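As structure tokens, the structure follows; a few thoughts come after it.
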There are 2 protein chains.
Amino acid sequence: MDTEDEAVDGVFRALADTNRRALLDTLFARNGQTLSELCEGRGMSRQAVTKHLVILENANLVASVKRGREKLHYLNPAPIHEIGERWISKYERTRLEALFDLKKALENDNE
Amino acid sequence: MDTEDEAVDGVFRALADTNRRALLDTLFARNGQTLSELCEGRGMSRQAVTKHLVILENANLVASVKRGREKLHYLNPAPIHEIGERWISKYERTRLEALFDLKKALENDNE
DNA sequence: CTTATAGGCAACCAAAGGGTTGCATGTCAA
DNA sequence: TTGACATGCAACCCTTTGGTTGCCTATAAG
């Protein structure tokens with residue numbers, strides 16, 4: 001499906017940045033953190049972190065709820081699971097055959 | 001390890017582009033294709049495809065060998081496997097708990 | 001009520017990304 | 001050897017991205 005592909009694309013793009021993966025790691029370590037908490041120790045402005053979180057939210061990797069004046073962020077592991085199921089596992093199936101092709105090609109190169 | 005993290009970063013970045021994932025798919029369908037073959041049907045110049053392949057090669061997702069005047073490209077599924085093993089599976093472990101947190105947070109939001 | 005705290009919004013900027021075109025090189029085939 | 005084919009290299013261009021700063025709004029606390 002087309003929308004599904006776009007979703008996959010969004011997830012891959014979101015995961016392409018080290019800082020964003022670090023943010024996911026932080027939420028993985030402790031879920032439900034506020035924006036201020038998520039800013040701690042990262043060498044960048046609050047607005048930069050906000051932008052990253054927006055991208056993560058658009059990719060559905062993070063959901064947020066407001067509690068009073070603060071915003072709590074929750075990890076959503078579902079898209080990561082999807083990527084593993086629908087994308088990575090595909091390459092897993094023929095993994096050894098591909099490695100065999102590769103090895104053979106590199107050997108012939110040495111002739 | 002630091003170099004390992006950089007490798008992971010390179011793989012994620014390489015996978016972030018739809019065209020590059022499509023190239024991997026094409027090699028998945030038939031391994032060992034030439035540059036010209038890999039250009040077919042993609043709506044872009046040969047040089048554009050070359051650039052994408054360079055990125056994939058730098059990320060170790062593709063290896064190439066020269067045969068005469070042509071260059072054969074082989075899929076290397078190892079980095080994809082690594083991502084699955086070392087990164088995705090981590091989030092897999094606490095997946096249901098995270099989803100539970102998420103659900104609870106969203107419920108409280110409706111109060 | 002006043003002030004400090006948590007966060008939102010918009011403008012701006014430099015660098016990276018994805019693409020193009022033009023030309024050069026190396027190899028196969030006639 | 002000459003021409004066609006497969007690829008390499010470099011300059012250039014526009015858009016996206018990741019970051020900044022400044023200011024505005026809303027809630028909590030004194």
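Because the structure is predicted, anything quoted here is derived from the model rather than measured. Chain A is the first sequence line, chain B the second, and so forth, proteins listed ahead of strands; every chain is numbered from 1.
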Task: Salt bridge present between A:K71 and A:E57 (N-O < 4.0 angstrom) - done: yes

- [ ] Using only heavy-atom distances, determine whether the side chains of B:R42 and B:T26 contain a donor-acceptor pair under 3.5 Å.
- [x] yes

Open item on the list: Testing the 3.5 Å rule here: is there a donor-acceptor pair between the side chains of B:T34 and B:R67?
Closed with: no

Open item on the list: Show, in sequence, the C-alpha distance, side-chain angles and deciding distance for B:L15 and A:W87, and conclude whether the side-chain contact (heavy atoms from CB on, under 4.5 Å) test is met.
Closed with: CA-CA 11 Å; B:L15 295 180; A:W87 203 86; 3.6 Å; yes

TODO: Sort out for me which residue in B:L75, B:N76, B:L61 forms a side chain to side chain contact (heavy atoms under 4.5 Å, CB included) with A:Y91.
DONE: B:L75

Open item on the list: Could you check whether any side-chain N or O of A:R20 sits under 3.5 Å from a backbone N or O of A:A14, counting only pairs where one atom can act as donor and the other as acceptor?
Closed with: yes

TODO: Ignoring backbone atoms, establish whether A:K71 has a side-chain N or O less than 4.0 Å from OP1 or OP2 of C:dG8.
DONE: yes

Open item on the list: Using modelled atom types and a 3.5 Å cut-off, is there a donor and acceptor pairing between side-chain atoms of B:S89 and backbone atoms of B:E92?
Closed with: no

- [ ] Check DNA chain C against residues 27-42 of chain A and give the residues with a non-hydrogen atom under 4.0 Å, in numerical order.
- [x] A:T34, A:L35, A:S36

Task: Shortest non-hydrogen contact between B:G10 and B:A59, atoms and distance - done: O-CB, 3.7 Å

- [ ] Please report, rounded to the nearest Å, how far the C1' atom of D:dA4 is from the CD atom of B:E70.
- [x] 14 Å

- [ ] Taking only Lys NZ, Arg NE, NH1 and NH2, and the carboxylate oxygens of Asp or Glu, determine whether A:D25 and B:K90 approach each other closer than 4.0 Å.
- [x] yes

TODO: For B:H73 and D:dG8, give me the distance from atom NE2 to atom C1', rounded to whole Å.
DONE: 12 Å

Task: Nearest-angstrom distance from the residue atom CG of B:L56 to C1' of C:dG17 - done: 14 Å

Task: Salt bridge present between A:D9 and B:R21 (N-O < 4.0 angstrom) - done: yes

Task: Smallest separation among heavy atoms of B:L102 and A:A63, with atom names - done: CD1-CB, 3.4 Å

TODO: Write down the distance between NZ (A:K66) and C1' (C:dG8), rounded to a whole number of angstrom.
DONE: 8 Å

Quick test: give all pairs of protein nitrogen or oxygen and nucleotides 14-18 of chain D nitrogen or oxygen below 3.5 Å, distance rounded to 0.1 Å.
unit_1, atom_1, unit_2, atom_2, d
D:dT17, OP1, A:R13, NH1, 3.2
D:dG18, OP1, A:R20, NH2, 3.4
D:dG18, OP2, A:R20, NH1, 3.1

Identify the pairs formed between an N or O of the protein and an N or O of nucleotides 21-26 of chain D at a distance under 3.5 Å, and give each distance.
unit_1, atom_1, unit_2, atom_2, d
D:dG22, O6, A:Q47, NE2, 3.0

TODO: Find the distance B:N58:CG to C:dG17:P and express it as a whole number of Å.
DONE: 12 Å

